[in-house]
There are 2 protein chains.
Amino acid sequence: MSIKYAILGLLSWHPYTGYELKKAFPNIPALYWSGNNNQIYRTLVQLHNEKLVTRQIEIQDNYPSKKIYTITEKGLHELKNWLLTVPEPPQLKNTFMIKLSFADQLNKEEIQKQLLDYKNEINSQILIIKELQKRGNGKPKRGKRETYLWEMIHRRWISYYSNELEWIKELQKNIK
Amino acid sequence: MSIKYAILGLLSWHPYTGYELKKAFPNIPALYWSGNNNQIYRTLVQLHNEKLVTRQIEIQDNYPSKKIYTITEKGLHELKNWLLTVPEPPQLKNTFMIKLSFADQLNKEEIQKQLLDYKNEINSQILIIKELQKRGNGKPKRGKRETYLWEMIHRRWISYYSNELEWIKELQKNIK
DNA sequence: TTTCTCATGTAACGCGTTACATGATTAC
DNA sequence: GTAATCATGTAACGCGTTACATGAGAAA
């Protein structure tokens, strides 16, 4: 349940509503894939029950009323404890690799087709991240160190995809 | 549900029992993290219902009787169709990256500690894969092309971890 | 007029994990 | 005597996804 801590992390910057959180997620490279309605609203209720956040309701005339969540001292503590837990290894689930593992069922044209499609997929992934980085939404922009960390994270992601591309190229050359 | 296709993929080599499949999974780099009892036995029943596999029961004297699963024509078809579906982008869930994103809560010693622990984690991950590759279990060893693919997959995994190490080194140097 | 934004939420499902359960045999 | 291997399975839970639902106001 890293979503819980992701939300706490975001709330450690400043208060958010559920709706804002939902929009913030796609801007954070480490978790841009995640954060749908259901999870966020449910987790927020849970965090509130655990007294890790407080909630203020702001009534608006022309729009539905907002619920603004603020992190508590206890919440900051919980976040920090999590940050200090032992790091887990990354879990990369690459369905394409599984496919390749059993690609002997395919002829070379079919494999080449898949490689090409995968390459395109990776390329658009790179575009997305570069766009994210350029627009620079959802970044904290507070301390120098934090800015550096965010840049490094972006770079790591891009480098991952670039390496994937090189790897694909080599495969394309050798599958014949 | 890629486990379904992973199992079909394995069965496309030769028949397996559930127990053997369970042991085979950790030897396959693309899915070494997966494949627990529950999933495998449940999926096998499901595959059988869908007539994608057949099942022979082999009674043994001194051991519990085996259920040997063999892929059917329909199963091979299903597998091949899956292999030809459009590739999905890799989903890398790296909890450590999420942590780093919010690491501003930590002082430099604490971050350095986390980086060191993560580095060790990655190193042992590399050892595991290299060991896998060396022992060379669970590889098909049939055609030349298949052997090549498996080697490329191993290489990609190792390169991913190596790049992660370099990235960590840079962080270690600059966080002060 | 249709679509988008603001803002909240629920229902149902799917995939995967951990832990539990059995029971004989063989290796240390 | 203890642990591991062979071989099967079930129960319960957790996390996440997709889709559904409401309802007003602003923009295309």
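Throughout, a chain's letter reflects where its sequence line sits, starting with A, and its residues are numbered from 1. A quick note: this is a predicted structure, and the numbers were derived from the prediction, not measured.
- Comparing B:R55 and B:K93 against DNA chain D, the residue whose closest nucleotide sits nearer the 5' end is B:R55.
- In this model, the phosphate group of D:dC6 is not approached by any side-chain N or O of B:K22 to a distance below 4.0 Å at OP1 or OP2.
- Between B:L44 atom CG and C:dC15 atom P the separation is 16 Å, expressed in whole Å.
- Look at CD on A:Q39: it is 19 Å from P on C:dC13, rounded to the nearest Å.
- Ion pairing between a basic and an acidic side chain is recognised when a charged N comes within 4.0 Å of a carboxylate O; B:K4 and B:E50 show such pairing.
- Counting to the nearest Å, the C1' atom of D:dA7 and the CD1 atom of B:I59 are 14 Å from each other.
- Proximity of A:T17 to the phosphate of C:dT8: a side-chain N or O atom is located under 4.0 Å from OP1 or OP2.
- Put simply, A:Y19 has no side-chain N or O that comes within less than 4.0 Å of OP1 or OP2 on C:dT8.
- Rounded to a whole Å, the OH atom of B:Y63 is 7 Å from the C1' atom of D:dT5.
- For the pair A:I57 CD1 and C:dC6 P, the interatomic distance rounds to 20 Å; values are reported in whole Å.
- Here D:dG16 presents its P atom at 18 Å from OH of A:Y41, a figure rounded to the nearest Å.
- For the pair A:E131 and A:K134, the salt-bridge criterion is met [side-chain N within less than 4.0 Å of a carboxylate O].
- Residue side chain A:N62 does not reach the base of D:dG25 through any donor-acceptor N/O pair under 3.5 Å, judged by distance alone.
- As a whole-Å value, the separation of A:N36 CG from C:dA12 P is 17 Å.
- The pair A:E151-A:R155 meets the salt-bridge criterion, with a side-chain N (NZ, NE, NH1 or NH2) lying under 4.0 Å from an Asp/Glu carboxylate O.
- Following rounding to the nearest Å, B:N37 (CG) and C:dC15 (P) show an atom-to-atom distance of 19 Å.
- The backbone N or O of B:H48 sits nowhere less than 3.5 Å from a side-chain atom of B:K51 that would complete a donor-acceptor pair.
- B:Q60 has no side-chain polar atom (N or O) that falls below the 4.0 Å cut-off from OP1 or OP2 of D:dC6.
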Should B:K23 and B:E20 be marked as a salt bridge (Lys or Arg N to Asp or Glu O under 4.0 Å) after you check the CA-CA gap, both sets of side-chain angles, and the distance that decides it? CA-CA 5 Å; B:K23 286 195 301 178; B:E20 285 164 345; over 6 Å; no
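- The 5' end of DNA chain C is approached more closely, in terms of each residue's nearest nucleotide, by A:V45 than by the other of A:R42 and A:V45.
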